[in-house]
Number of protein chains: 2
Amino acid sequence: MDAVFAALADPTRRAVLQRLLEDGPATATALAPAFPVSRQAVVKHLGVLGDAGLVTATRDGREVRYAARTEPMVEAASWLARAGAQWDARLARLVRQLGPR
Amino acid sequence: MDAVFAALADPTRRAVLQRLLEDGPATATALAPAFPVSRQAVVKHLGVLGDAGLVTATRDGREVRYAARTEPMVEAASWLARAGAQWDARLARLVRQLGPR
DNA sequence: CACATGTGCAACCACGTTGTTGCACAGTAC
DNA sequence: GTACTGTGCAACAACGTGGTTGCACATGTG
């Protein structure tokens, strides 16, 4: 949970994640030019996202293809919903959608 | 948005927030003994939560009473829902609940 | 083989974060 | 006024983060 929120706290990282969600899997090298940082920086970001379970890396020949995962996002949303359900009708509705777990 | 996720990334901070959500407003001094850190540390955490809009501070005599706000939590949940809606049915349902904004 | 290209590793820097302690200051109570 | 208690401010240490660069290594391609 720590790792998930921490990963989402960086704007570049959120942008990388969105890109993977929208355009599908990609390599760090392919991703980097779309962002104002070096390839190495993107690799580090993908590492952080990976530690949080938000992306998976699969090797394909000499390339490493990164893909987004939604599971941790659901869990994060679930935490938010449960924490605030008592005080916010919208979050309470989300709890009913996601289940109390 | 950065500030909200960053604030939620720290476990102590999430615990403080939960405490405020469950037991209602409280002062930093009253809160501190419940956590394994000094009062000053709690004050700093409340400051971070405040910068993210997750708590508000209101002065009452010589005391400062902190209260939780759910608005940023809804926004964070909304970001998660919209980002992953395309790939996760649960998140897509949340988007319908929260509205596309 | 020789060459180009994608990855990985390491060092390094600047800066922010989390936590501490110590002390000053402001209200409240006697 | 004096004493107590809640806040605020500042300095400091330790550590993590985001970013860079440089170079080695692995894997395809001519």
Side-chain angles (χ1 to χ4, degrees), chain A residues 1-20 23-69 72 76 79, chain B residues 1-20 23-69 72 76 79:
Chain A
M1 195 85 291
D2 287 38
V4 177
F5 283 122
L8 294 171
D10 186 274
T12 303
R13 224 136 49 201
R14 281 201 307 281
V16 169
L17 182 60
Q18 268 184 311
R19 170 86 177 226
L20 288 177
D23 303 354
T27 68
T29 308
L31 241 30
F35 301 95
V37 296
S38 67
R39 169 186 65 93
Q40 298 289 13
V42 172
V43 172
K44 282 195 188 182
H45 282 307
L46 287 167
V48 174
L49 289 167
D51 289 344
L54 287 162
V55 305
T56 56
T58 49
R59 171 151 235 128
D60 174 30
R62 74 171 161 180
E63 297 188 345
V64 176
R65 184 151 259 94
Y66 294 89
R69 286 187 66 245
W79 187 93
Chain B
M1 194 86 290
D2 287 37
V4 177
F5 283 122
L8 295 171
D10 186 275
T12 302
R13 225 137 47 202
R14 281 201 307 280
V16 169
L17 182 59
Q18 269 184 312
R19 170 88 177 224
L20 288 178
D23 302 354
T27 68
T29 308
L31 241 30
F35 301 95
V37 295
S38 67
R39 170 186 65 94
Q40 298 290 12
V42 173
V43 172
K44 282 194 187 180
H45 282 307
L46 288 166
V48 174
L49 289 168
D51 288 345
L54 287 161
V55 305
T56 56
T58 49
R59 170 152 234 127
D60 175 29
R62 74 174 160 179
E63 297 189 345
V64 178
R65 185 150 260 91
Y66 293 89
R69 285 187 66 245
W79 187 93

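Chain letters run A, B, ... following the sequence lines, proteins first and then strands; every chain starts at 1.
- Here A/Ala76 pairs with A/Met1, A/Val4, A/Phe5, B/Leu80 under the side chain to side chain contact (heavy atoms under 4.5 Å, CB included) rule; sequence neighbours left out.
- Nearest-nucleotide positions on DNA chain C place B/Ala6 closer to the 5' end than the other of B/Asp60 and B/Ala6.
- Separation of atoms CG (B/Leu8) and CZ (B/Arg13) is listed at 8.5 Å; rounding is to 0.5 Å.
- Nearest heavy-atom pair, A/Thr12 versus A/Asp10, reported as atom, atom and distance to 0.1 Å: N-OD1, 2.9 Å.
- B/Leu49 contributes atom CG, which lies 11.0 Å from atom CZ of B/Arg14 (distance to the nearest 0.5 angstrom).
- Against DNA chain D, the stretch residues 42-51 of chain A makes heavy-atom approaches under 4.0 Å through A/Lys44, A/His45.
- Partner of A/Leu46 under the side chain to side chain contact (heavy atoms under 4.5 Å, CB included) criterion, chosen from A/Val48, A/Val42, A/Val43: A/Val42.
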Show the numbers, then the answer: is there a side-chain contact (heavy atoms from CB on, under 4.5 Å) between B/Arg39 and B/Leu31?
CA-CA 8 Å; B/Arg39 170 186 65 94; B/Leu31 241 30; over 6 Å; no
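- Between B/Tyr66 and B/Leu20 the shortest heavy-atom distance is O-CD2, 3.6 Å.
- Whole-Å rounding puts the A/Asp10 CG to C/dT17 P distance at 12 Å.
- Residues passing the side chain to side chain donor-acceptor pair (under 3.5 Å) test with B/Arg69: none are found, sequence neighbours excluded.
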All N/O pairs under 3.5 Å across the protein-nucleotides 21-25 of chain D interface:
unit_1: D/dG22; atom_1: O6; unit_2: A/Gln40; atom_2: NE2; d: 2.9

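- Closest heavy-atom contact between B/Trp79 and A/Leu17: CH2-CD2, 4.4 Å.
- The residue among A/Glu63 and A/Arg13 whose nearest nucleotide of DNA chain D is located toward the 5' end is A/Arg13.
- Of the candidates C/dG19, D/dG8, D/dG19, D/dG8 carries the atom nearest the B/Arg59 side chain, counting heavy atoms from C-beta on.
- Whole-Å rounding puts the A/Asp2 CG to D/dG16 P distance at 14 Å.
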So which protein nitrogen or oxygen atoms get under 3.5 Å of nucleotides 2-5 of chain D's nitrogens or oxygens?
unit_1: D/dT5; atom_1: O2; unit_2: B/Arg62; atom_2: NH1; d: 2.8

Let me have the donor-acceptor pairs involving side chains of residues 50-62 of chain B, under 3.5 Å, with sequence neighbours excluded, atom names and distances please.
unit_1: B/Thr58; atom_1: OG1; unit_2: B/Arg65; atom_2: O; d: 3.3
unit_1: B/Arg59; atom_1: NE; unit_2: B/Gly61; atom_2: O; d: 3.3

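- In terms of phosphate contacts, B/Arg65 brings no side-chain nitrogen or oxygen within less than 4.0 Å of OP1 or OP2 of D/dT7.
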